[in-house]
Q: 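To start, I am sharing the structure in question, which I have written as structure tokens.
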Amino acid sequence: MAKRKIVQLITTLLYNGNLSGFVKGEIWQNQPKSVCVPGLNCYSCPGALGACPIGSFQATMAGTALKIPFYVLGLITLFGILLGRLICGWMCPFGLVQELLYKIPTPKISKSDFTRKLTSLKYVIGIVFVILLPIYYCLANGVGSPAFCKFICPAGTLEAGIPLAIGNEYVRNTIGLMFGWKALVLAVVVITSIVMYRPFCRFICPLGAFYGFFNKISFFGVKVDALKCTDCKQCIRTCKMDVKCVGDKECINCGECAKTCKFGAISIGKK
Amino acid sequence: MKYVILGIAGLAIAYGLMDEQQLEVLNKAIMICLECIGIG
């Protein structure tokens with residue numbers, strides 16, 4: 001098995017080490033639950049040992065009457081400047097799920113100018129659902145709401161909603177319309193992931209959008225040796241993400257381009 | 001530049017850790033978030 005897949009699997013197990021939670025239908029409620037993991041991993045997942053950064057950001061902002069959530073913001077900035085979107089490529093369970101689905105042999109939809117333009121959608125989703133709507137709910141109702149988690153996040157449905165609906169009687173008896181909507185969103189992402197590479201990461205994930213800003217300046221990630229690079233663009237053609245150049249904000253630092261570069265110009269490591 | 005951002009991140013974490021209200025919210029958030037899992 002490729003090294004990256006092994007790291008992804010180990011990371012998934014590390015994030016979700018409370019395996020007995022799936023059997024009991026309960027979540028882990030001790031430390032380090034207040035520590036954010038770098039990838040998107042719902043803190044309501046029965047196995048989750050840490051907190052989701054996007055969920056924590058919204059929860060903290062909503063629960064402190066819109067104070068800036070410095071702790072969470074500082075943590076995700078730390079993750080971003082250290083690793084950029086290497087987290088997406090190597091340390092995100094939902095990224096792994098999409099990659100496994102993509103392995104199912106079907107006709108595939110390739111990237112295009114349209115998909116490149118569609119990558120901007122995740123910034124809009126981040127601003128509207130992670131920042132503006134929680135603020136709006138807090139101002140309107142006095143209580144905030146984690147709008148991205150509530151209306152969109154398919155990782156939460158897959159990792160938390162479905163396992164808890166199966167294993168927890170109280171949760172099962174409380175299922176309503178919103179669960180149906182979230183299940184539909186998950187179904188669309190699952191089906192799209194079979195025919196298209198990582199659609200959630202490319203078009204929807206606000207965490208990937210945030211980490212993308214750090215990609216070019218992060219301490220670790222893919223790097224191109226300008227002396228060896230002949231600008232043949234084989235790396236761009238190989239890449240299944242919507243990159244314009246190796247290491248830009250759409251690059252998840254998976255290293256697939258490094259394998260195909262005939263000139264050995266691409267590597268992953270300390271930049 | 002990257003070291004400046006690293007320093008700012010560290011300061012933000014330290015400042016956030018001094019805010020008991022933020023930590024209390026995070027600790028409470030470890031209860032099942034029904035909204036997050038689409039229940040109700």
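Values below: all heavy atoms of this structure, side chains included; hydrogens, waters and symmetry mates excluded. If you're wondering where the values come from, they're calculated on a predicted model, not measured in any experiment. Sequence lines set the chain letters: A, B, ... in the order given, protein chains first and strands last, and positions in each chain run from 1.
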Q: Examine whether an atom of A:E159 lies under 4.5 Å from a heavy atom of chain B, and if so say whether it belongs to the side chain, the backbone or both; otherwise answer neither.
A: neither
Q: Specify which of A:A51, A:A48, A:P69 makes the most heavy-atom pairs with chain B at under 4.5 Å.
A: A:P69
Q: Is it true that atom CD1 of A:I68 has more than 12 heavy atoms of other residues, nucleotides or ligands lying nearer than 6.0 Å?
A: no
Q: Name every donor-acceptor pair, under 3.5 Å, that has one atom in a side chain of residues 70-79 of chain A and the other anywhere in the protein, sequence neighbours excluded.
A:
from, atom 1, to, atom 2, distance (Å)
A:Y71, OH, A:S34, O, 3.0
A:T77, OG1, A:L73, O, 2.7

Q: Go through A:F219 and B:L6 one step at a time and tell me if the side chain to side chain contact (heavy atoms under 4.5 Å, CB included) criterion holds.
A: CA-CA 10 Å; A:F219 281 88; B:L6 190 64; 4.0 Å; yes
Q: Please round to the nearest 0.5 Å and tell me the distance separating atom NZ of B:K2 and atom CD1 of A:I217.
A: 8.0 Å
Q: Flag yes if more than 12 heavy atoms outside A:K223 fall under 6.0 Å of its NZ atom; otherwise flag no.
A: yes
